[in-house]
Amino acid sequence: MSQPFLYFALPDIGEDEIAEVTAVLRSGWITTGARARQLEDDFATYVGKGSEGPPLHAVAVNSATAGLHLALEAVGIGPGDEVIVPTYTFTATAEVVRYLGAHPVFVDCDPDTLNITAEAIEQAVSKKTKAVIPVHIGGLTCDMTGILDVAKRHNLKVVEDAAHALPATHNGKTIGALASDATVFSFYATKTITTGEGGMVVTADPDIAKRCRIMRLHGMDRDSFDRYTSDKPSWAYEVVAPGFKYNMTDIAAAIGIHQLRRLPSFHAKRGDMAQRFRDALSGLPLIMPAMPPAGDQHAWHLFIVRLTSDAKLNRDDFIRAMTERGIGTSVHFIPLHRQPYWRKTYRLDAKQFPHAENAFKGAVTLPLYTRMTADDEQRVIAAVRDLLG
Ligand SMILES: *Cc1c(COP(=O)(O)O)cnc(C)c1O
């Protein structure tokens with residue numbers, strides 16, 4: 001008796017999301033409008049909750065990649081600048097630096113957390129360094145205290161790639177509410193909440209928020225919703241820069257409004273599942289994902305394990321065997337220094353990144369998402385134990 005294939009990830013879309021999307025479709029206003037505004041307000045409130053910092057601004061965009069581009073542009077990154085990024089991440093983190101004619105400077109990861117470290121950043125700083133993009137891999141918060149300290153001493157802008165980090169915290173503060181210049185979240189289909197495609201820039205700096213709002217819509221000083229709802233004539237706007245087309249539709253925002261409301265229950269479920277995986281998979285030749293220090297909360301977007309060198313199977317064979325058992329897995333990440341474009345353009349050598357190389361060799365991400373049933377979970381556990389025990 002064969003079971004259906006267990007996908008590596010699935011979105012968790014409820015009837016409330018579907019009803020809200022239907023209402024948007026029937027309303028006649030399907031692009032950026034009242035729902036996008038509402039999602040921005042709800043998101044800023046969510047991230048700012050419990051922190052006594054300045055009020056936060058949230059800018060909804062059509063992807064985190066767009067959001068990272070906007071944030072870097074808004075903090076003033078331009079041609080010839082250097083921006084420090086981890087090699088252990090998705091290519092979007094580095095490609096946005098190239099969009100602006102600037103150069104990513106790749107650094108190795110911490111061998112335990114897989115995150116970029118304050119020390120690695122400090123060693124990579126040059127006269128041209130203008131910014132750093134920390135990435136909270138899998139949802140485990142970077143040492144933001146250390147990173148913000150290095151950034152302050154070297155006058156670097158900090159734009160967090162928080163694509164995995166909703167809802168993660170550092171020292172009790174929600175990611176997005178720290179002292180970084182901007183923090184960017186992803187609502188891609190596999191992330192902890194989704195809008196199909198989408199993202200959010202969060203910042204405490206009103207000037208950065210304003211610049212992102214203008215640049216996400218053609219560099220126009222008023223978006224069309226503002227034009228049709230204010231008393232100034234709706235045809236009047238000024239183009240103040242050659243902007244982009246990065247706005248979020250109300251169709252997408254309608255999904256996001258309900259996904260955000262469900263985030264606490266999604267997160268509780270992910271955390272419980274991660275704990276059960278850790279317990280059930282202990283004693284195998286596997287390195288479990290690092291746990292957050294006291295005061296930090298893991299978002300549990302990804303459950304990344306690493307096969308040790310004494311495991312019966314290597315990583316590639318393990319993935320093949322899992323697929324044969326009908327279980328999807330993934331690899332986070334193929335380090336950027338291994339990708340042809342980055343390797344050739346910046347003459348990168350694997351020897352510069354020993355920790356990322358070592359982590360990549362054994363890394364495999366197990367399925368962990370809210371639509372998994374107790375049976376699905378047991379299937380994953382049984383397959384891993386069978387293959388590696
Ligand atoms: C998913 C992801 C992104 C890009 O998010 P999009 O919303 O798909 O643009 C950026 N960085 C990291 C680390 C990611 O995993």
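Remember, it's 1-based here, ligands and their atoms both numbered in the order they're listed. Fair warning: this is a prediction, and the values are worked out from it, not measured in the lab.
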Any protein N/O atoms within less than 3.5 Å of an N/O atom in ligand 1? List the atom names and distances, or say none.
from: ligand 1; atom 1: 5 (O); to: Ser186; atom 2: OG; distance (Å): 3.2
from: ligand 1; atom 1: 7 (O); to: Ala64; atom 2: N; distance (Å): 2.8
from: ligand 1; atom 1: 7 (O); to: Ser186; atom 2: OG; distance (Å): 2.7
from: ligand 1; atom 1: 9 (O); to: Ala64; atom 2: N; distance (Å): 3.2
from: ligand 1; atom 1: 9 (O); to: Thr65; atom 2: N; distance (Å): 2.9
from: ligand 1; atom 1: 9 (O); to: Thr65; atom 2: OG1; distance (Å): 2.5
from: ligand 1; atom 1: 11 (N); to: Asp161; atom 2: OD1; distance (Å): 3.3
from: ligand 1; atom 1: 11 (N); to: Asp161; atom 2: OD2; distance (Å): 2.7
from: ligand 1; atom 1: 15 (O); to: His164; atom 2: NE2; distance (Å): 2.6
from: ligand 1; atom 1: 15 (O); to: Lys191; atom 2: NZ; distance (Å): 3.1

Closest heavy-atom pair and its distance - Lys312, Asp386:
NZ-O, 4.5 Å
Which word best sums up how the rings of Tyr346 and His103 line up, parallel for under 30°, tilted for 30 to 60°, or perpendicular for over 60°?
perpendicular
Side-chain H-bond candidate by donor/acceptor type, Trp300 with Thr192, under 3.5 Å:
no
Smallest heavy-atom separation, Thr169 atom then Gly295 atom, equals OG1-O, 3.5 Å
Students should find that the hydrophobic cluster of Ile13, defined by side-chain heavy atoms under 4.5 Å apart, otherwise consists of Ile18, Val21, Val24, Leu25, Ile30, Ile251, Ile255
Please identify which of these residues, Val184, Ile147, Leu178, meets the side-chain contact (heavy atoms from CB on, under 4.5 Å) condition with Glu160.
Leu178
